[in-house]
2 protein chains.
Amino acid sequence: MTKADSGDRERKSDRTRRRILDAAADLLSRKGFDGTRVSEIAALAQLRVPAVYYYFDSREAILEEVVNIGDRMAVDNVRARLAALPPEATAMDRICAAYAGHLEMVLKESAYTAAAMRTLGQLPPDIRARQLEHQRETGQLWRDLIQAGVDDGEIDPGLDPRAARMFLLGAVNWATEWWNPERGSLDDILATAQRLIRNALSGPGAASPPGTAAQGAASPPGAAAQGAALSPVFSPPQL
Amino acid sequence: MTKADSGDRERKSDRTRRRILDAAADLLSRKGFDGTRVSEIAALAQLRVPAVYYYFDSREAILEEVVNIGDRMAVDNVRARLAALPPEATAMDRICAAYAGHLEMVLKESAYTAAAMRTLGQLPPDIRARQLEHQRETGQLWRDLIQAGVDDGEIDPGLDPRAARMFLLGAVNWATEWWNPERGSLDDILATAQRLIRNALSGPGAASPPGTAAQGAASPPGAAAQGAALSPVFSPPQL
DNA sequence: GTCTATACCCGGATAGAC
DNA sequence: GTCTATCCGGGTATAGAC
């Protein structure tokens, strides 16, 4: 009961810690790094401030853990969507699935990834440096995905691959600023994003390739197209 | 000499005021709304804090004026680029020129527009409300541009126009996070952005339409394509 | 583990001399 | 117009009881 149940159910202490992180993620995604107050985190987590300091050494420690979890959730969901693709998926199919997986986590109710993406440029140098360290692998994943599309001739050769990759990442990361679940379902916006991304990278003169049945049809809003209807798959943040 | 030279050269007082705004824009674009300190603004403007309060009523008043100027510079440059197009420009040409004009201001050394775009979600409710009021006209401009493309059949009917518009706006607004002038010229990145945007909106099965000579050629990095080489045109912020 | 009370510092803003 | 000096509120963090 003391050590045997480590994999069992979260102990109360862990649940409290998680409540603090959830509250911090929510605030961080809405107010930014400097705008997030420990007192607000505590209030949202139904605690007094000193209780928060029982679990974390400092305000920055809380926020750093939030962004780390947010980054991790994003890349885990990207990998899960890639793994769910059939073997005959093209390089372009994989790129679209990856962006959709990322966007899904940015827009989820769980605000960890939104918080991580929104505070990129506001992090203190030391936190930012450690984050970049962790993201090396993720950066390589994205570069490889795009490069595969280039190698297979599926990507407009007139595009600079790095710039295109970053522009599209910005497009999905910025979606928190304007997307509202009341104006359309998550699946709809994922479908639109994928169509836009496929168009953007394919370039002119690229007719619908095999494995892209949904491309030609002008699916009306309300009907989620293609791979966007995949059930959300992601790993919960590890505490 | 007291009133006759109003249009002449800025008086010293105006120049000092401008130095404060320039400093605030720079800091705001890098540190965000809550991270920008009056003491830092003062230091960057070569002043002590009380001198800053001689020109502005409050910290928020400074920052609000910065974002207003930033928004204004962006839309002014968009309009200037649209006005510079030849009469035979298509709806898609106009859309690309508009995004290029916006992106140009986001990436300019002058940090006003970058500051405005980066702090959208961090503004206090009252400032945000006034900003939205000012932006009504701008929003309509963008909607009209896209709608013209839809009406002319130049835009992929499978795309939701609003979502597409916002995704692409996000792509350009987020460019501050990753673009570095040392890795490529401004004209290059504007050219890449325009190509990506044209691809994204045109959709599959859209061969290069007339008036889009540069589309088919895979211009190597270093050679700015098409309209991107337009000399930067924008109105200076009115003080 | 969680609280009340408090030390401490920092940032916004003002008073008043020059 | 710009300064030195200072006030004040609020935010981080800790001490110590329960």
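Order of the sequence lines sets the chain letters (A, B, ...), proteins ahead of strands, with each chain counted from 1. Just the heavy atoms: all of them, side chains too, but no hydrogens, waters or symmetry mates, feed the values below.
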**Report entry** Partner residues of B:Leu44 under the side-chain contact (heavy atoms from CB on, under 4.5 Å) criterion, sequence neighbours left out
**Finding:**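 Testing B:Leu44 for side-chain contact (heavy atoms from CB on, under 4.5 Å), a comparison that skips the adjacent residues, returns B:Ala23, B:Asp26, B:Leu27.
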Report task. State which residues pass side-chain contact (heavy atoms from CB on, under 4.5 Å) with B:Thr138; sequence neighbours excluded, sorted by chain then number. Result ->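 Partners of B:Thr138 by the side-chain contact (heavy atoms from CB on, under 4.5 Å) criterion, ordered by chain and then number, come out as B:Val75, B:Trp142.
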Requested in this report: Strictly below 4.0 Å, heavy-atom distances to any atom of DNA chain C: list the hits from residues 118-128 of chain A, or just say none.
Outcome: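 Within this stretch, nothing sits under 4.0 Å of the strand.
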Query raised in the report: Is there a residue in residues 24-46 of chain B whose heavy atoms reach under 4.0 Å of DNA chain C, and which residues are they?
Result: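 Only B:Thr36, B:Arg37, B:Val38, B:Ser39 qualify.
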Requested in this report: Output all residues satisfying salt bridge (charged side-chain N to carboxylate O under 4.0 Å, His left out) with B:Glu133, sequence neighbours left out; order by chain, then residue number.
Outcome: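 Partners of B:Glu133 by the salt bridge (charged side-chain N to carboxylate O under 4.0 Å, His left out) criterion, ordered by chain and then number, come out as B:Arg136.
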**Report entry** Under the salt bridge (charged side-chain N to carboxylate O under 4.0 Å, His left out) test, residues paired with B:Glu177 that sit two or more places apart
**Finding:**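 In terms of salt bridge (charged side-chain N to carboxylate O under 4.0 Å, His left out), with neighbours along the sequence ignored, B:Glu177 is linked to B:Arg118.
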Query raised in the report: How would you list all residue pairs meeting salt bridge (charged side-chain N to carboxylate O under 4.0 Å, His left out) that involve residues 40-56 of chain A, not counting sequence neighbours?
Result: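 Every pair satisfying salt bridge (charged side-chain N to carboxylate O under 4.0 Å, His left out) with a residue in residues 40-56 of chain A: A:Lys31-A:Glu40.
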Report task. With sequence neighbours excluded, give me every salt bridge (charged side-chain N to carboxylate O under 4.0 Å, His left out) pair touching residues 119-128 of chain A. Result ->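 Qualifying pairs: A:Asp126-A:Arg130.
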Report task. Under the ring-ring contact (aromatic ring centres under 6.0 Å, His included) rule, collect the residues that match up with A:Phe33, sequence neighbours excluded. Result ->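 A:Phe33 satisfies ring-ring contact (aromatic ring centres under 6.0 Å, His included) with no other residue.
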Report task. State whether the number of non-hydrogen atoms from other residues, nucleotides or ligands found under 6.0 Å of A:Arg143 atom CZ is greater than 12. Result ->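 Yes.
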Query raised in the report: Taking 5' to 3' order, which nucleotide of DNA chain C is first and which is last to have an atom within less than 4.0 Å of a heavy atom in chain A?
Result: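 First and last nucleotides in contact are C:dG1 to C:dA5.
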Query raised in the report: Hey, do the aromatic rings of A:Trp178 and B:Phe167 have their centres closer than 6.0 Å?
Result: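 Yes: the rings meet the under 6.0 Å criterion.
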Query raised in the report: Which residues in residues 52-59 of chain B have at least one heavy atom lying under 4.0 Å from any atom of DNA chain D?
Result: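 By residue number: B:Tyr54, B:Tyr55.
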Query raised in the report: Does a salt bridge link A:Arg11 with A:Asp14, judged by any charged N lying under 4.0 Å from a carboxylate O?
Result: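 Salt bridge: yes.
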Query raised in the report: Looking at B:Arg17 and B:Tyr55, what are the two nearest heavy atoms and their distance?
Result: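 Closest pair (atom of B:Arg17, atom of B:Tyr55, distance): NH1-O, 3.4 Å.
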Under 3.5 Å donor-acceptor pairs involving side-chain atoms of residues 94-103 of chain A, not counting sequence neighbours:
{"from": "A:Tyr99", "atom 1": "OH", "to": "A:Arg165", "atom 2": "O", "distance (Å)": "3.0"}
{"from": "A:His102", "atom 1": "NE2", "to": "A:Asn173", "atom 2": "OD1", "distance (Å)": "2.8"}

